*Asks:* 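After the structure tokens below, expect a handful of questions from me.
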Amino acid sequence: MTTARTLEYPHEPPRRRKRRTKLIVTAVIIVATLLIGFIAADRVVDFTTESKIAEGLKPYGDADVNVEGFPVLTQMAGGKLNTVHVTADRAHYENVDFTDVDAKLFDVPVDTSRPIGTVEASGVIPLETIDSLAAEHATLPSGMKFITIDDKLFLKGSLLGQDLLVGIEPKAQSRQVVVDATTIRLGSAEVDIDSIPSFLTSSISDIVIDLDSLPAGLELTDIKATDSGLVVSLHGTGVSLN
């Protein structure tokens, strides 16, 4: 019986098993080597792409760039990068200074002459820049400056030898910052703004700060006052830096 089963199910020769094992091991090594090579090449392309983008942003400031997603090689081959994360401590675009810039760029074309699909960004506009922009696009009372107190925006100046403090409410309106006076404090007395004739408050009401110099397609969505300035949130589609 043993002889019959042995004839029916012969054992594979040891040499053939060893050869097959060697082929499998060799195939695994080749695949692993190719995979490691692909990952290494992708990381090189990733680093090169990030460096190239950072270099292109140099005119606006020193930026940290992170191309998100893997693999980058296939994204490049497809003509656009899925997501690019850009941060910068300081940046300058046209006549507007920013700090603490944080931007997510989606569907970024490899061809830089084409617009970026979508941009979500935030940054801080320092009060000095707000003063400069207001001087360009509005007529503020002489000597008045923007300040923040407890994360609220004010215009500060003097009138009749006393400190004048005007509470300001900033609003995002497309590509403009619109500020309205809400309260007026002269010395220690707070005055109801509605009780003051409009011709006296016209210079501190409906102040429009134009940000039309921002990249085409980008608009303001929110504004908040902080001790360091105005934190602005921006959104845009089809955004072009050219």
Side-chain angles (χ1 to χ4, degrees), residues 49-69 72 75-76 78-138 140 146 148 151 153 168-180 206-242:
T49 303
E50 290 173 349
S51 299
K52 185 177 180 181
I53 294 173
E55 187 64 28
L57 293 173
K58 273 283 187 184
Y60 313 112
D62 294 326
D64 292 324
V65 179
N66 180 29
V67 177
E68 299 181 352
V72 175
Q75 296 182 49
M76 295 286 289
K80 63 182 178 180
L81 303 172
N82 294 339
T83 306
V84 177
H85 188 191
V86 178
T87 58
D89 292 334
R90 294 182 176 277
H92 181 87
Y93 190 86
E94 297 296 338
N95 60 338
V96 183
D97 290 320
F98 294 91
T99 62
D100 300 326
V101 176
D102 191 318
K104 280 284 188 80
L105 287 59
F106 303 95
D107 297 331
V108 181
V110 175
D111 180 359
T112 56
S113 65
R114 296 170 55 197
I116 300 167
T118 304
V119 174
E120 296 281 354
S122 65
V124 179
I125 303 179
L127 294 178
E128 296 82 358
T129 301
I130 296 296
D131 285 332
S132 177
L133 292 171
E136 290 180 19
H137 303 286
L140 294 178
F146 284 99
T148 54
D151 292 337
L153 186 65
I168 296 292
E169 181 183 4
K171 297 178 181 178
Q173 186 173 297
S174 185
R175 294 166 66 82
Q176 297 176 327
V177 178
V178 179
V179 295
D180 292 326
D206 300 325
I207 299 171
V208 176
I209 301 172
D210 199 341
L211 295 177
D212 199 49
S213 59
L214 289 174
L218 205 57
E219 294 188 349
L220 295 167
T221 57
D222 190 34
I223 299 176
K224 293 179 181 177
T226 66
D227 289 341
S228 55
L230 293 184
V231 179
V232 295
S233 299
L234 304 107
H235 171 84
T237 56
V239 177
S240 177
L241 293 177
N242 298 323

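Keep in mind the model is a prediction, meaning the values are calculated, not measured. Computed over heavy atoms, backbone and side chain alike; hydrogens, waters and symmetry mates excluded.
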*Asks:* Would you check if Val65 and Val84 make a side-chain contact, meaning some heavy-atom pair closer than 4.5 Å?
*Replies:*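 Counting from C-beta outward, Val65 and Val84 do come under 4.5 Å.
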*Asks:* Pairs under 3.5 angstrom only: tabulate donor-acceptor contacts from the side chains of residues 215-232 to other protein residues two or more places apart or in another chain.
*Replies:*
| unit_1 | atom_1 | unit_2 | atom_2 | d |
| --- | --- | --- | --- | --- |
| Glu219 | OE2 | Ser174 | OG | 3.4 |
| Thr221 | OG1 | Ser233 | O | 3.1 |
| Thr226 | OG1 | Ser228 | N | 3.4 |
| Thr226 | OG1 | Ser228 | OG | 3.1 |
| Thr226 | OG1 | Gly229 | N | 3.4 |
| Thr226 | OG1 | Gly229 | O | 3.0 |

*Asks:* Apply side-chain hydrogen bond (donor to acceptor under 3.5 Å, both in side chains) to Asp102 and list each qualifying residue two or more places apart in sequence or on a separate chain.
*Replies:*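 In terms of side-chain hydrogen bond (donor to acceptor under 3.5 Å, both in side chains), with neighbours along the sequence ignored, Asp102 is linked to His85.
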*Asks:* Just by distance, with hydrogens left out, do Ser132 and Asn95 show a side-chain donor and acceptor under 3.5 Å apart?
*Replies:*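 No, because no side-chain N or O of Ser132 sits under 3.5 Å from a partner of the opposite role on Asn95.
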*Asks:* Do you know the tightest heavy-atom contact between Leu105 and Ala103?
*Replies:*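 Here Leu105 and Ala103 meet closest at CD1-CB, 3.8 Å.
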*Asks:* What is the distance from atom CG of Asn66 to atom OG1 of Thr87, rounded to the nearest 0.5 Å?
*Replies:*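 It comes to 8.5 Å.
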*Asks:* Let me see the working for Leu234 and Val119 under side-chain contact (heavy atoms from CB on, under 4.5 Å), right down to the final yes or no.
*Replies:* CA-CA 8 Å; Leu234 304 107; Val119 174; over 6 Å; no
*Asks:* State which residues pass side-chain hydrogen bond (donor to acceptor under 3.5 Å, both in side chains) with Asp212; sequence neighbours excluded, sorted by chain then number.
*Replies:*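 With neighbours one apart ignored, the set is Arg175.
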*Asks:* Does some side-chain heavy atom of Glu68 sit less than 4.5 Å from a side-chain heavy atom of Asn82?
*Replies:*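 A side-chain contact under 4.5 Å is absent here.
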*Asks:* What distance separates Glu120 CD from Thr83 OG1, expressed to the nearest 0.5 Å?
*Replies:*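 With rounding to 0.5 Å, CD (Glu120) is 11.5 Å from OG1 (Thr83).
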*Asks:* Do you know the tightest heavy-atom contact between Ala91 and Val101?
*Replies:*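 Ala91 and Val101 have their closest heavy atoms at CB-CG2, 4.0 Å.
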*Asks:* Measuring from Gln173:CD to Leu211:CG, what's the distance to the nearest 0.5 Å?
*Replies:*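 Here the rounded value is 11.5 Å.
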*Asks:* Report the residues that fulfil side-chain hydrogen bond (donor to acceptor under 3.5 Å, both in side chains) with Arg90, sequence neighbours left out, ordered by chain and then residue number.
*Replies:*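 Listed in chain order: nothing, the list is empty.
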*Asks:* Around atom CD of Glu55, are there more than 12 heavy atoms of other residues, nucleotides or ligands at under 6.0 Å?
*Replies:*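 12 or below, so no.
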*Asks:* How would you list, by chain and number, every residue that makes a side-chain hydrogen bond (donor to acceptor under 3.5 Å, both in side chains) with Asp89, sequence neighbours excluded?
*Replies:*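 Asp89: no side-chain hydrogen bond (donor to acceptor under 3.5 Å, both in side chains) contacts found.
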*Asks:* How far apart are the closest heavy atoms of Ala54 and Ala63, and which atoms are they?
*Replies:*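 Smallest interatomic distance, heavy atoms only, reads CB-O, 3.9 Å.
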*Asks:* Taking side-chain contact (heavy atoms from CB on, under 4.5 Å) as the test, write out the residues that go with Thr129, two or more places apart.
*Replies:*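 Expected list: Val96, Asp97, Ile125, Pro126, Leu133.
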*Asks:* Grab the two heavy atoms, one from Ile130 and one from Phe146, that are nearest each other, plus how far apart they are.
*Replies:*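 In this case the closest contact between Ile130 and Phe146 is CG2-CD1, 3.5 Å.
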